[in-house]
Amino acid sequence: EVWYATFTTPGGTGVWLHHETVSPPHEEAAWPLTRGWIAVFENAKTPIVEHFGPAPAPASPELARLRIPTPDGSSVGESSFRGAAGTITWDLAYTDSSAPLLCFPDWAWRHELLPAAQVVPSPTATFSGTLTSSDREIHVDGARGAVAHIYGHGNAERWGWLHADLGDGDVLEVVSAVARSAGLRALGPLTLLQLRTAGRDWPRDPLLTAPWFRGHLALPTWTVTGAIGSRRLSIEVTIPEERALTLGYTDPDGSPATCTNSELADADITLERRVSGTWKISQRWKLAASAHAEIGRR
């Protein structure tokens, strides 16, 4: 189970906070563990990352659901992230009055009927507070980002992820993944996405419409395209090597995976409408060093 936050400050610093609780499946006597990391991305600087854990998970089911402490006392709260790892300390609060964004259907999340699912409880979060590294302090004020929650048995065979704040409450969330099972692996990426514009989420059922989107997962650029009804969406995401961080994941069963992440990625997003049989651009967003994106693989 994962809680993570990503945001970009007005000054151009990107931050990624990742907390997870892992229950070892083959050791019934083993107590679940908490672990995670914080990564800081600044233009013209090599991204830095510090890890925390593993440590025993809290005994309280309520705490495990809402707060994930670390060995240094770090935690995820209902409206805050606080803690320390290596040379980095953070004390951050966030607010968001918008509705959750569901790339996976509500039933999948509530009943855990899929191998994994994601929900973004705070898709347009605004962060404030302080972030301190070994040589400087960053004052966070009005930073835009999101807080998301994942359950699952592990990572996909390959995946792409994008969170794009489009301004004025508009937001795009994309999860494009190749399943690990041999039969499903040959089908290529299954893309689930939600585009919120003017308070409306599209498509209505992201799982049902996933086959209509085509994802091409690669580095440094990956893409998603697809049309549903009278709307067509084209997404191009670029993760520049100099603004990226590559690190390893470990699934609960011990299987390794690798992700390349940037909280200063670029994204070109085009929404078209079909009018009298012709596709015409309805809206276009170009994010320079402010999109949050990742490519994962084994």
Side-chain angles (χ1 to χ4, degrees), residues 2-20 36-45 47-50 52 67-68 70 74-85 88-101 103 118-133 136-150 161-175 194 196 237-240 243-245 247 259-267 269 285-294:
V2 175
W3 284 93
Y4 67 86
T6 62
F7 62 85
T8 306
T9 70
T13 297
V15 176
W16 176 24
L17 265 165
H18 177 104
H19 290 251
E20 62 183 46
W37 57 79
I38 181 171
V40 180
F41 301 76
E42 295 184 83
N43 273 317
K45 291 187 178 182
I48 58 173
V49 61
E50 295 283 7
F52 48 82
R67 300 177 63 84
I68 307 175
T70 75
S74 311
S75 66
V76 176
E78 193 169 8
S79 60
S80 64
F81 287 80
R82 297 185 179 91
I88 303 175
T89 62
W90 60 96
D91 186 353
L92 301 165
Y94 67 91
T95 60
D96 193 354
S97 59
S98 64
L101 204 61
C103 277
Q118 179 222 41
V119 63
V120 190
S122 302
T124 57
T126 300
F127 291 80
S128 60
T130 57
L131 184 72
T132 305
S133 66
R136 61 172 300 197
E137 182 175 89
I138 300 171
H139 293 278
V140 179
D141 186 17
R144 300 303 304 272
V147 176
H149 191 189
I150 299 171
W161 163 77
L162 170 69
H163 175 81
D165 189 316
L166 308 177
D168 299 322
D170 295 348
V171 62
L172 172 66
E173 190 83 13
V174 180
V175 178
Q194 285 283 270
R196 177 174 292 169
V237 182
T238 300
I239 301 177
R243 289 186 246 140
L245 176 70
L247 53 80
C259 77
T260 299
N261 178 289
S262 179
E263 304 307 315
L264 299 177
D266 303 327
I269 302 158
W285 302 269
K286 299 194 76 169
L287 281 67
S290 62
H292 307 155
E294 181 175 294

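On a predicted model such as this, the values are computed, not experimentally measured, just so you know.
With sequence neighbours excluded, no residue forms a side chain to side chain donor-acceptor pair (under 3.5 Å) with Ser290. Scanning for side chain to side chain donor-acceptor pair (under 3.5 Å) contacts around Thr9 gives an empty result, with sequence neighbours left out. Ser122 meets the side chain to side chain donor-acceptor pair (under 3.5 Å) test with no other residue; sequence neighbours excluded. Evaluation of the salt bridge (Lys or Arg N to Asp or Glu O under 4.0 Å) rule for Asp141 yields no partner, not counting sequence neighbours. In terms of the ring-ring contact (aromatic ring centres under 6.0 Å, His included) criterion, residue partners of Trp161 (sequence neighbours excluded) are, by chain and number, Tyr4. Every residue two or more places apart in sequence or in another chain was checked for a ring-ring contact (aromatic ring centres under 6.0 Å, His included) with Phe41, and none qualifies. Remark: Ser98 engages Asp96, Thr124 in a side chain to side chain donor-acceptor pair (under 3.5 Å) (not counting sequence neighbours). Scanning for side chain to side chain contact (heavy atoms under 4.5 Å, CB included) contacts around Ala146 gives Val120, His163, with sequence neighbours left out.
No side-chain heavy atom of Ile269 sits less than 4.5 Å from a side-chain heavy atom of Val237. Looking at Arg82 and Leu92, their side chains never come closer than 4.5 Å, going by heavy atoms from C-beta outward. Contact annotation: the side chain of Ile138 never approaches that of Val15 to less than 4.5 Å [non-hydrogen atoms, C-beta and beyond]. For the pair Arg243 and Asp266, the minimum side-chain heavy-atom distance is below 4.5 Å. Inter-residue side-chain proximity for Leu247 and Asn261 is flagged as unmet; no heavy-atom pair is nearer than 4.5 Å. Counting heavy atoms from C-beta outward, Thr6 and Phe127 have side chains that stay 4.5 Å or more apart. Within the 4.5 Å cutoff, side-chain heavy atoms of Leu101 are placed close to those of Arg196.
Considering SG of Cys103 and CG of Leu172, their distance stands at 8.0 Å, rounded to 0.5 Å. Going from atom CH2 of Trp16 over to atom SG of Cys259 covers 4.0 Å, rounded to the nearest 0.5 Å. One distance of note links CD1 of Ile88 with OG1 of Thr132; it measures 10.0 Å at 0.5 Å rounding. Atom OG1 of Thr13 sits about 4.0 Å away from atom CD of Glu42, to the nearest 0.5 Å.
In terms of heavy-atom proximity, Ser262 sits nearest to Ala244 at CB-CA, 4.2 Å. Listed here is the closest heavy atom pair of Ala265 and Thr238: CB-O, 3.4 Å. When all heavy atoms of Trp37 and Val49 are compared, the pair lying nearest together is CB-CG2, 4.0 Å. Nearest heavy-atom pair, Ala164 versus Leu287, reported as atom, atom and distance to 0.1 Å: CB-CD2, 3.8 Å. The two residues Leu245 and Pro47 have their closest heavy-atom pair at CB-CB, 4.2 Å. Nearest heavy atom pair, residue Ala85 against residue Phe52, reads CB-CD2, 3.8 Å.
One side chain, Thr8 or His292, offers a donor N or O that lies under 3.5 Å from an acceptor on the other.
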Before giving the answer on side-chain contact (heavy atoms from CB on, under 4.5 Å), spell out for Glu294 and Thr260 the whole-Å C-alpha distance, their side-chain angles and the decisive distance to 0.1 Å. CA-CA 6 Å; Glu294 181 175 294; Thr260 299; over 6 Å; no
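For residues 163-174, the salt bridge (Lys or Arg N to Asp or Glu O under 4.0 Å) pairs, not counting sequence neighbours, are Arg144-Asp165.
Taking the six-membered ring for Trp and thresholds of 30 and 60 degrees, Tyr94 and Phe81 have ring planes inclined between 30 and 60 degrees apart.
Proximity of the aromatic rings of His19 and Trp3 is defined here by a centroid distance below 6.0 angstrom, and this criterion is not met.
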